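Notes follow once the structure below has been shown.
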Amino acid sequence: MTCTKEYYLKNKEAILIKRKKHYQDNREYVLSRQKKYNLKNREKINKRQKIYSVEYRKDNKEILLIRQNIYYNTERGFMVKLWNSIKKSSKKHNRINKFKDFNEFYNHWLEQKAIYGMRCPATGVEMTNTIGTNKSSVGNKRIMTNISTDRILSTKGYSPQNLIFTTWAYNCAKCNITPEMAKA
């Protein structure tokens, strides 16, 4: 059977259905063929992907920035950003970070969220996860209701026992107040 352009355009839907059925019926065979091809042409594929990704990133900076902002405005993306800031802060200030990885950190957030929902445990204010800016210059303001990582004892590092998620406004107002100072 010859597949000319005209034939393909007339029967596009039927061809796609046949291909899908073939893939489903012969999945192991198709995957093994794909794996053999990838192993045989590994260098060529890697080189092509590397060139494509470098060129793509260079040519599409605005699109990638928009995609990044869309991701960071999701709950998980926002938590990834918080996780990265914790890792950076831990190295910079020689603080101990007792979270093994992002998954443990994210699960800690999910546990708190299961108890309090999206409300700040300290103030009861609804927390947000909208990407703002860290600099409060003209036109750029920090979003005060955003989720912030708050160490209960500021002298200790980040750990599941010493970390709660609060609003940025509360965390900023609290600064370095110890629990004893707060009680007084």
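All values derive from a computational prediction rather than experimental measurement. For the numbers below, each heavy atom of this structure counts, side chains included, while hydrogens, waters and symmetry mates do not.
Atom-to-atom distance recorded for Asp150:CG and Trp168:CH2 is 12.5 Å, nearest 0.5 angstrom. Annotation: the span from Arg95 atom CZ to Thr155 atom OG1 amounts to 10.0 Å, rounded to 0.5 Å. Note that the CG atom of Leu16 and the CD atom of Glu13 stand 8.0 Å from one another [nearest 0.5 Å]. Atom NZ of Lys113 is separated from atom CD1 of Ile115 by 13.0 Å, given to the nearest 0.5 angstrom. Of the inter-residue distances, the one linking Asn171 atom CG with Thr166 atom OG1 reads 4.5 Å to the nearest 0.5 angstrom. Separating the CH2 atom in Trp83 from the CD atom in Glu104 is a distance of 7.5 Å, to the nearest 0.5 Å.
For Phe105 and Phe165, the distance between ring centers is under 6.0 angstrom.
Within 6.0 Å of atom CD1 in Ile96, 12 or fewer heavy atoms from other residues, nucleotides or ligands are found, so the atom counts as exposed in its surroundings. Counting heavy atoms of neighbouring residues, nucleotides and ligands inside a 6.0 Å radius, atom OH of Tyr116 does not exceed 12 of them. Heavy-atom contacts from other residues, nucleotides or ligands closer than 6.0 Å to CZ of Arg76 number more than 12. Residue Tyr56 places its OH atom among more than 12 non-hydrogen atoms of other residues, nucleotides or ligands, all under 6.0 Å distant.
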Q: Evaluate side-chain contact (heavy atoms from CB on, under 4.5 Å) for Arg119 paired with Glu126, printing each intermediate quantity in order.
A: CA-CA 4 Å; Arg119 298 230 170 257; Glu126 185 82 18; 3.4 Å; yes
Q: Any chance you could lay out the side-chain contact (heavy atoms from CB on, under 4.5 Å) test for Met79 and Ile147, step after step, and finish with the verdict?
A: CA-CA 9 Å; Met79 287 297 150; Ile147 302 166; 3.7 Å; yes
Q: Go through the steps for Leu64 and Gln68 under the test side-chain contact (heavy atoms from CB on, under 4.5 Å), then give the verdict.
A: CA-CA 6 Å; Leu64 292 172; Gln68 181 182 20; over 6 Å; no
**Q.** Stepwise side-chain contact (heavy atoms from CB on, under 4.5 Å) check, Arg57 with Asn60
**A.** CA-CA 5 Å; Arg57 279 185 270 137; Asn60 298 293; over 6 Å; no
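Both Tyr106 and Met118 are part of a single hydrophobic cluster, where members link through side-chain heavy atoms under 4.5 Å apart. Clustering ILVMFWY residues whenever any of their side-chain heavy atoms sit less than 4.5 angstrom apart, transitively, puts Ile143 in a cluster other than the one holding Ile70. Hydrophobic clustering (side-chain heavy atoms under 4.5 Å, transitive across Ile, Leu, Val, Met, Phe, Trp, Tyr) groups Phe102 together with Leu110.
Using a 4.5 Å heavy-atom cutoff, the side chains of Lys156 and Gln161 are not in contact. Counting only heavy atoms from C-beta outward, the side chains of Ile152 and Ile164 approach each other to under 4.5 Å. Looking at heavy atoms from C-beta onward, Leu82 lies out of side-chain contact with Trp109 at the 4.5 angstrom threshold. In this structure, Asn84 and Lys88 have side chains that are not in contact, with every pair of non-hydrogen atoms separated by 4.5 Å or more. In this structure, the side chains of Asn146 and Phe78 come closer than 4.5 Å at one or more pairs of heavy atoms. Under the 4.5 Å side-chain criterion, counting only non-hydrogen atoms from C-beta, Thr149 is not in contact with His108.
The heavy-atom pair separating Thr145 from Thr167 by the smallest distance is O-CG2, 4.0 Å. Considering all non-hydrogen atoms of both residues, Cys120 and Met127 come closest at N-CG, 3.8 Å.
Side-chain atoms of Arg151 never come within 3.5 Å of backbone atoms of Tyr158 as a donor-acceptor pair (strictly under, hydrogens ignored). Panel note: side chain Ser89, backbone Ile86; no donor-acceptor pair is recorded below 3.5 Å.
Among Asp25, Leu31, Val30, the single residue meeting the side chain to side chain contact (heavy atoms under 4.5 Å, CB included) criterion with Arg27 is Leu31.
Neither side chain, Tyr23 nor Arg19, offers a donor N or O lying under 3.5 Å from an acceptor on the other.
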